[in-house]
Amino acid sequence: MILRNQVQAMPCAPRAIVGRLRVVLRSPSGLVVARRQAHNAVLRSGAEMLAAMFRGEAGAAPTGFAVGLSDEPPAPPFDPTPPVVLRPDNTQGILRPAAALAADAMTVSVLAEEMLVRVAVRATLPADAGVSPDGPEVAVDIAEACLGVLAPDGQSLSRIYNRVVFDAVPKTALHELALFWEVDFPYGA
């Protein structure tokens, strides 16, 4: 029995932020060379970035992205480790792994039927970025990507929101790499 002025708690299943990434590798002619899809892991630093945005902190919103060589999936405690740019022998494995997000890179839409707000992020790693130090024709096996705040030097991320690993794509200086993130924020009870 519910007494006057009491509210009955309605049970509800918790809903989490869910993200995913599509990766498309294109040749200079625009031909699709490889496609990948993977799920996103929000890192502890990503949750901290969201909290900072709620506080109105300047510099908390994602402004860049980076790619790397590691295919090791994110795992607890989900610390903000940067993308791997060194080979196992500690030599440089990838050059210019980071880039700025374009001003129009993010769109926000409301999916009322699913009770979600979706943020879509479109990023393009140009042909001259994410390349091998061994020459423009040598492929780099890119297997991870992160969104975050681009560092002042433009070569890395100073804050990392998420990390996604996927089956490696072999990128050379002839290829453009397009990355498409979708992050769904649930709302409602």
Side-chain angles (χ1 to χ4, degrees), residues 17-43 46 61-75 78 80-109 118-151 153-184:
I17 296 172
V18 176
R20 62 206 148 275
L21 171 71
R22 282 184 308 115
V23 178
V24 179
L25 184 69
R26 294 185 189 277
S27 71
S29 67
L31 179 69
V32 173
V33 177
R35 292 180 197 265
R36 303 288 186 267
Q37 292 186 1
H39 284 280
N40 180 63
V42 175
L43 304 178
T63 57
F65 66 102
V67 297
L69 308 172
S70 177
D71 61 359
E72 185 70 30
F78 295 99
T81 55
V84 172
V85 296
L86 299 177
R87 297 175 181 137
D89 65 2
N90 282 330
T91 60
Q92 194 71 32
I94 187 171
L95 300 175
R96 294 179 302 287
L101 291 172
D104 64 347
M106 290 190 202
T107 59
V108 176
S109 55
R118 178 169 290 159
V119 177
V121 182
R122 182 185 75 248
T124 303
L125 189 65
D128 67 343
V131 295
S132 173
D134 301 324
E137 69 288 342
V138 177
V140 173
D141 287 333
I142 295 175
E144 63 179 323
C146 298
L147 279 173
V149 176
L150 192 63
D153 67 3
Q155 299 301 308
S156 62
L157 299 176
S158 62
R159 294 173 93 168
I160 298 173
Y161 170 70
N162 71 344
R163 184 165 171 270
V164 183
V165 297
F166 43 88
D167 291 335
V169 293
K171 184 186 179 305
T172 70
L174 296 175
H175 298 112
E176 176 181 276
L177 187 66
L179 302 113
F180 304 93
W181 278 273
E182 286 183 345
V183 182
D184 292 339

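One is the number of the first residue; the rest follow in order along the sequence.
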Taking the six-membered ring of Phe180 as reference, does the cationic atom of Arg22 (NZ for Lys, CZ for Arg) lie under 6.0 Å from its centre and within 45° of its axis?
yes
The single option from Val84, Val67, Val164 passing side chain to side chain contact (heavy atoms under 4.5 Å, CB included) against Glu144
Val84
Less than 4.5 Å apart, side chain to side chain, heavy atoms only: is that true for Ile17 and Asp184?
no
Between Glu176 and Ser27, is there a side-chain heavy-atom distance shorter than 4.5 Å?
no
Side-chain donor or acceptor of Thr124 paired with backbone N/O of Pro126 under 3.5 Å:
no
Ala129 backbone acceptor or donor facing Lys171 side chain under 3.5 Å:
yes
Quick one: pull up CG in Leu125 and NE2 in His175 and give me the separation to the nearest 0.5 Å.
12.5 Å
Between CZ on residue Arg159 and CG on residue Leu147, distance to nearest 0.5 Å
14.0 Å
Apply side-chain contact (heavy atoms from CB on, under 4.5 Å) to the pair Ile94 and Val131, showing each step before the final yes or no.
CA-CA 5 Å; Ile94 187 171; Val131 295; over 6 Å; no
Salt-bridge criterion met for Asp167 and Arg35 (N-O under 4.0 Å)
no
Non-hydrogen side-chain atoms of Tyr161 and Val42 separated by less than 4.5 Å
yes
Minimum-distance pair of heavy atoms, taken over all atoms of Phe166 and Ile142
CE1-O, 3.4 Å
Please give me the minimum heavy-atom distance between Arg96 and Asp128, naming the atom from each residue.
NH2-O, 2.6 Å
When rounded to the nearest 0.5 Å, the distance separating CZ of Arg20 from NE2 of His39 is 7.5 Å
Taking every heavy atom of Pro83 against every heavy atom of Cys146, the minimum-distance pair comes out as CG-SG, 3.7 Å
Ser158 to Leu150 - nearest heavy-atom pair and separation
OG-O, 4.2 Å
Between CG on residue Asn40 and CG on residue Asn162, distance to nearest 0.5 Å
4.0 Å
Evaluate the side-chain proximity of Leu177 to Val23: yes if any heavy-atom separation is below 4.5 Å, no if none is.
yes
Separation between CZ (Arg163) and CG (Leu157), nearest 0.5 Å, reads 12.5 Å
Only one of Val32, Val33, Thr172, Leu31 forms a side chain to side chain contact (heavy atoms under 4.5 Å, CB included) with Leu25, so which one is it?
Val33
Any salt bridge between Arg122 and Asp104, counting N to O under 4.0 Å?
yes
Nearest heavy-atom approach of Ala34 to Val169 is CB-CG1, 3.9 Å
Could you pull out the closest heavy-atom pair between Gln92 and Leu95, with the gap in Å?
CG-CD2, 3.8 Å
State the CG-OG1 distance between Leu43 and Thr81, to the nearest 0.5 angstrom.
6.5 Å
